[in-house]
Amino acid sequence: MCAKLKVMGLSELEEYQKLYTQNWPKYCPEYYCLDNFIQFLKADPQIKNLKLFTLAGEQASADALFVIVDRYQLFVGSLNNSNGLLQQALELLDWSAGFKCSSISSRHIQAVDNVVQSKQLELEFRDPTNLFYMMAEDALKLQVEPPAGFILKSLSVADAPLINEEWPNHHLGSLYFIQRQIRMCVNAGLYAEESQELVAWCIRLQGGYLGALQVKSGHERRGFGSLVTREISRRLAAQGHDVMALVGPSNKPSAGMFSTLGFRIIDQCHWLRTRPTNGEFTWPEGE
């Protein structure tokens with residue numbers, strides 16, 4: 001029988017999400033990835049350039065197998081990483097424009113690598129990261145007290161150009177991504193009280209991880225990164241969410257900060273970007 005991709009709807013995503021609560025926190029990356037996209041669809045049912053797939057058939061449903069294409073980013077999940085179904089689903093995607101395979105759990109990286117090899121795709125990068133995790137009950141205990149002259153509050157979409165400019169990973173299409181994450185996800189910013197200058201910030205990525213954690217140039221080494229991390233962690237925990245962050249093995253300062261705060265490493269996730277196979281693709285502005 002020929003494998004076929006099947007488009008998923010909101011109710012199916014919600015059913016799959018429930019299956020990922022087992023053996024917690026093993027599948028928390030899949031759970032929170034689905035949680036974010038479920039909230040996106042509820043807030044904007046006609047959201048552009050978001051495609052959600054599973055494989056047709058009972059086994060894929062039992063595995064809660066999903067493949068999500070969000071603009072140029074790819075997210076995957078499955079309770080079963082040994083039956084080859086995830087690789088089958090990935091083989092059926094159109095890889096011609098290239099994908100940024102995002103926060104791929106160590107359980108699933110072999111399936112992605114196999115597809116890259118079988119399709120003879122070239123990689124722009126392939127980077128491992130450690131998954132730092134903290135339970136909500138512990139995040140609620142984090143102490144958050146901004147220094148005199150500074151205030152913590154939610155980011156504004158108007159802050160997105162600065163955040164994008166300062167972000168080391170900024171790229172074509174990333175401004176819209178940051179604008180959308182500010183609109184739709186928990187975030188935190190530290191501002192100078194008088195001037196309202198934004199000096200540190202953290203947003204939540206689609207996969208549920210803390211991301212774009214940054215301190216503005218000229219304000220480093222004052223503990224502001226730790227401060228916004230504690231604030232966004234508490235905000236997530238107040239909604240009942242555990243907290244996750246991805247840190248590259250060579251990023252000793254960030255790894256040290258998360259360890260000091262009480263996070264622990266529970267998995268490794270990978271990021272890789274495949275090159276387009278039919279010429280460079282320019283993502284439309286504002287989409």
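The nearest pair of heavy atoms linking Ala56 to Lys6 is N-CB, 4.1 Å. Nearest heavy atoms, Val247 versus Ala255: CG1-N, 3.8 Å. Shortest non-hydrogen contact noted between Ser106 and Asp267 is OG-OD1, 2.6 Å. Between Tyr191 and Ser156, the shortest heavy-atom distance links the atoms OH-N, 3.9 Å. When all heavy atoms are compared, the tightest approach of Ala64 to Leu79 is CB-CD1, 4.2 Å. Annotation for Val76 and Leu90: closest pair CG1-CD2, 3.8 Å, computed over non-hydrogen atoms.
Other residues, nucleotides and ligands contribute over 12 non-hydrogen atoms within 6.0 Å of the CD atom of Gln239. Summarising the local packing, NZ of Lys153 is surrounded by more than 12 heavy atoms from other residues, nucleotides or ligands at distances under 6.0 Å. Dense packing is recorded around CD of Gln196, with more than 12 heavy atoms of other residues, nucleotides or ligands lying under 6.0 Å away. Shown here is Lys119, whose NZ atom has more than 12 heavy atoms of other residues, nucleotides or ligands within 6.0 Å.
Side-chain contact between Ile182 and Ile163: present, with at least one pair of heavy atoms (C-beta onward) separated by less than 4.5 Å. In this structure, Arg107 and Tyr27 have side chains that are in contact, with non-hydrogen atoms separated by less than 4.5 Å. Side chains of Trp271 and Cys101 form no contact here, defined as non-hydrogen atoms less than 4.5 Å apart. No side-chain heavy atom of Asn81 sits under 4.5 Å from any side-chain heavy atom of Leu86. Side-chain atoms of Leu55 and Leu92, non-hydrogen and from C-beta on, do get closer than 4.5 Å to each other. The closest side-chain heavy-atom distance from Arg126 to Asp113 is below 4.5 Å. You'll find the side chain of Leu142 stays beyond 4.5 Å of the side chain of Thr229, heavy atoms only. In this structure the side chain of Asn80 never reaches within 4.5 angstrom of the side chain of Leu85, judged on heavy atoms.
For the pair Gln117 (side chain) and Asn114 (backbone), a donor-acceptor distance under 3.5 Å is absent. For the pair Asp242 (side chain) and Ala136 (backbone), a donor-acceptor distance under 3.5 Å is present. Under a 3.5 Å cut-off, the side chain of Asn36 and the backbone N or O of Leu205 do form a donor-acceptor pair. The main-chain N or O of Thr277 is never found under 3.5 Å from a side-chain atom of Ser96 such that the two would form a donor-acceptor pair. Using a distance-only test at 3.5 Å, with no hydrogens or angles considered, no donor-acceptor pair links the side chain of Arg273 to the main chain of Gly98. In this structure, the side chain of Gln214 does not engage the main chain of Trp201 through any donor-acceptor pair within 3.5 Å. Checked by atom type and distance alone, the side chain of Arg234 never pairs as donor or acceptor with a backbone atom of Arg230 at under 3.5 Å.
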Gln17/Leu13 under side chain to side chain contact (heavy atoms under 4.5 Å, CB included): CA gap, chis, key distance, verdict: CA-CA 6 Å; Gln17 185 192 23; Leu13 287 177; over 6 Å; no
Evaluate Leu227 against Leu152 for side chain to side chain contact (heavy atoms under 4.5 Å, CB included), listing each step before the verdict. CA-CA 9 Å; Leu227 184 61; Leu152 286 160; 4.2 Å; yes
Start with the C-alpha distance between Ile178 and Asp159, add both sets of side-chain angles, then the distance that settles side chain to side chain contact (heavy atoms under 4.5 Å, CB included), and finish with yes or no. CA-CA 9 Å; Ile178 290 173; Asp159 295 318; over 6 Å; no
Stepwise side chain to side chain contact (heavy atoms under 4.5 Å, CB included) test for Lys42 and Glu14: CA-CA 11 Å; Lys42 287 181 176 179; Glu14 291 176 324; 3.2 Å; yes
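Aromatic ring centres of His171 and Tyr72: separated by under 6.0 Å. For Phe132 and Phe258, the distance between ring centers is under 6.0 angstrom. Ring centroid separation for the pair Phe224 and Phe150 comes in under the 6.0 Å cut-off.
A continuous path of Ile, Leu, Val, Met, Phe, Trp and Tyr side chains, each step under 4.5 Å between heavy atoms, connects Phe263 with Leu236, placing both in one hydrophobic cluster. A chain of hydrophobic side-chain contacts below 4.5 Å, direct or via other Ile, Leu, Val, Met, Phe, Trp or Tyr residues, connects Tyr16 to Tyr32. Hydrophobic clustering of Ile, Leu, Val, Met, Phe, Trp and Tyr side chains at less than 4.5 Å, counting indirect connections, unites Phe40 with Tyr209. Placement of Val7 and Val69 within a single hydrophobic cluster is found when ILVMFWY residues are connected by side-chain heavy-atom separations under 4.5 Å, directly or transitively. Residues Val228 and Val215 fall within the same hydrophobic cluster, defined by Ile, Leu, Val, Met, Phe, Trp and Tyr side chains chained together at heavy-atom separations under 4.5 Å.
Contact check on Lys141 versus Glu137 returns no salt bridge, with no Lys/Arg side-chain nitrogen under 4.0 Å from an Asp/Glu carboxylate oxygen.
With sequence neighbours excluded, the residues forming a side-chain hydrogen bond (donor to acceptor under 3.5 Å, both in side chains) with Gln206 are Asp70, Gln73, listed by chain and number.
Atoms CG and CD, from Leu34 and Glu12 in turn, are 11.0 Å apart once rounded to the nearest 0.5 Å. The distance from the NE2 atom of His270 to the CD1 atom of Ile109 is 5.0 Å, given to the nearest 0.5 Å. In this structure, CD1 in Ile47 is found 6.5 Å from CG in Leu41, a value given to the nearest 0.5 Å. To the nearest 0.5 Å, atoms CD (Glu30) and CZ (Phe75) are separated by 12.5 Å. Distance check: Ile266 CD1 to Cys28 SG gives 4.0 Å after rounding to the nearest 0.5 Å. The CE atom of Met8 sits 7.5 Å away from atom CD1 of Ile68, with the distance rounded to the nearest 0.5 Å.
Between Trp167 and Phe177, the ring planes lie parallel to each other; the angle is under 30°, not in the 30° to 60° tilted range. Between Trp95 and Phe99, the ring-plane angle classifies as perpendicular under the 30° and 60° cut-offs.
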